[in-house]
Amino acid sequence: MAGKTMTDMFADMAKQINLPKIDYEPFLDIHRKNIEAMQKSAAVLSQGGQAVFAKQQEILAEIGREARQLIADFKPDGTPQEIATKQAELAKRVFEATVKNTKDIAELVQKSSSEAPKIILDRMRESFAEARAAIESRKA
């Protein structure tokens with residue numbers, strides 16, 4: 001008995017108490033698919049993070065260009081009322097750009113953060129169905 005592995009001992013014990021023989025291959029396949037789904041989910045999250053980072057870089061570059069242009073175009077001459085009107089227009093343009101950029105980033109974050117959990121949830125459903133089918137096939 002000293003030369004027996006732990007698996008051999010469990011197999012002997014299963015024979016003694018008449019446990020049904022189980023085909024572990026379908027369950028290993030299920031586990032492999034689960035790991036693949038987790039890797040795919042992580043990749044989606046990573047790609048989403050990269051897209052957000054790229055968008056932020058794009059926004060910063062655009063803000064820099066626009067700021068230089070606005071400063072070059074802004075010539076506070078005229079009456080105080082005309083200057084106030086120019087300043088209000090400048091503030092409006094900056095606010096609109098900020099809202100647009102914030103919306104773009106929020107959409108990127110929402111997209112990547114909703115896709116990743118969906119991959120895992122879909123795989124869980126498939127996994128349960130596959131496990132159920134494997135168990136049912138052994139009963140038949």
Side-chain angles (χ1 to χ4, degrees):
M1 183 130 175
K4 288 191 173 188
T5 65
M6 197 66 131
T7 306
D8 293 335
M9 288 189 275
F10 279 117
D12 290 343
M13 193 168 54
K15 286 178 190 173
Q16 291 173 3
I17 57 175
N18 294 325
L19 285 179
K21 186 176 179 183
I22 297 174
D23 183 8
Y24 292 102
E25 205 56 43
F27 294 100
L28 292 174
D29 189 49
I30 290 168
H31 187 63
R32 181 188 51 77
K33 289 178 184 177
N34 291 346
I35 291 172
E36 288 171 357
M38 289 171 47
Q39 290 171 330
K40 185 176 179 183
S41 176
V44 166
L45 284 174
S46 175
Q47 291 167 355
Q50 290 171 353
V52 168
F53 181 71
K55 184 64 176 176
Q56 287 173 331
Q57 286 181 317
E58 177 187 320
I59 288 168
L60 286 174
E62 182 181 332
I63 287 171
R65 284 190 304 274
E66 287 180 8
R68 284 190 299 277
Q69 188 63 45
L70 288 173
I71 290 169
D73 292 347
F74 186 71
K75 299 190 177 39
D77 54 354
T79 67
Q81 190 174 18
E82 290 171 339
I83 293 172
T85 302
K86 288 179 183 179
Q87 288 175 337
E89 180 61 32
L90 175 64
K92 178 183 173 192
R93 288 173 58 189
V94 168
F95 178 76
E96 288 171 348
T98 301
V99 168
K100 179 193 173 296
N101 292 335
T102 301
K103 180 183 174 201
D104 290 347
I105 288 177
E107 287 173 355
L108 283 172
V109 169
Q110 191 275 332
K111 180 182 176 192
S112 68
S113 64
S114 66
E115 284 181 35
K118 183 181 180 316
I119 291 168
I120 299 295
L121 289 173
D122 289 347
R123 181 61 210 142
M124 286 175 64
R125 286 185 194 103
E126 292 169 4
S127 180
F128 291 136
E130 291 168 359
R132 189 175 301 118
I135 291 168
E136 292 298 322
S137 72
R138 293 301 299 167
K139 288 181 182 177

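Sequence positions, counted from 1, serve as the residue numbers for this chain.
- Residue Val44 belongs to a hydrophobic cluster whose other members are Ile119, with links defined by side-chain heavy atoms closer than 4.5 Å.
- Scanning for side-chain hydrogen bond (donor to acceptor under 3.5 Å, both in side chains) contacts around Glu115 gives an empty result, with sequence neighbours left out.
- A salt bridge links Glu126 with Arg123; the closest basic N to acidic carboxylate O contact falls under 4.0 Å.
- Taking CG of Leu108 as the start and CD of Gln47 as the end, the distance is 12.5 Å to the nearest 0.5 Å.
- In this structure, the side-chain contact (heavy atoms from CB on, under 4.5 Å) partners of Ala131, at least two apart in sequence or on a different chain, are Phe27, Ile30.
- Linking Ile, Leu, Val, Met, Phe, Trp and Tyr residues whenever their side-chain heavy atoms come within less than 4.5 Å places Val52 and Ile59 in a single cluster.
- When all heavy atoms of Ala134 and Pro26 are compared, the pair lying nearest together is CB-CB, 3.8 Å.
- Applying the salt bridge (charged side-chain N to carboxylate O under 4.0 Å, His left out) test to pairs two or more places apart or on separate chains, those with a residue in residues 57-67 are Lys55-Glu58.
- Qualifying side-chain contact (heavy atoms from CB on, under 4.5 Å) partners for Pro117, counting only residues two or more places apart in sequence or in other chains: none.
- Leu28 pairs by the side-chain contact (heavy atoms from CB on, under 4.5 Å) definition with Glu25, not counting sequence neighbours.
- Asp8 meets the side-chain hydrogen bond (donor to acceptor under 3.5 Å, both in side chains) test with Thr5; sequence neighbours excluded.
- Put simply, NZ on Lys118 and CG on Asp122 are 3.5 Å apart, with the number rounded to the nearest 0.5 Å.
- Between Leu45 and Ser113, the shortest heavy-atom contact is CD2-CA, 4.4 Å.
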Side-chain donor/acceptor pairs under 3.5 Å, residues 92-103, sequence neighbours excluded:
residue, atom, partner, partner atom, Å
Thr98, OG1, Val94, O, 2.9
Lys100, NZ, Asp104, OD2, 2.9
Asn101, ND2, Ala97, O, 3.1
Thr102, OG1, Thr98, O, 2.8

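- Here Met38 sits in one hydrophobic cluster together with Ile120, Leu121, Met124, Phe128; the rule is ILVMFWY side chains under 4.5 Å apart, joined directly or through other members.
- Between the Thr85 side chain and the Gln81 main chain, a donor and an acceptor come within less than 3.5 Å of each other.
- Under the salt bridge (charged side-chain N to carboxylate O under 4.0 Å, His left out) criterion, the residue pairs touching residues 35-45 are Arg32-Glu36, with sequence neighbours excluded.
- Chaining together hydrophobic side chains whose heavy atoms lie under 4.5 Å apart leaves Phe53 on its own.
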* Can you list the steps and then say if Leu90 with Lys86 is a side-chain contact (heavy atoms from CB on, under 4.5 Å)? -> CA-CA 6 Å; Leu90 175 64; Lys86 288 179 183 179; over 6 Å; no
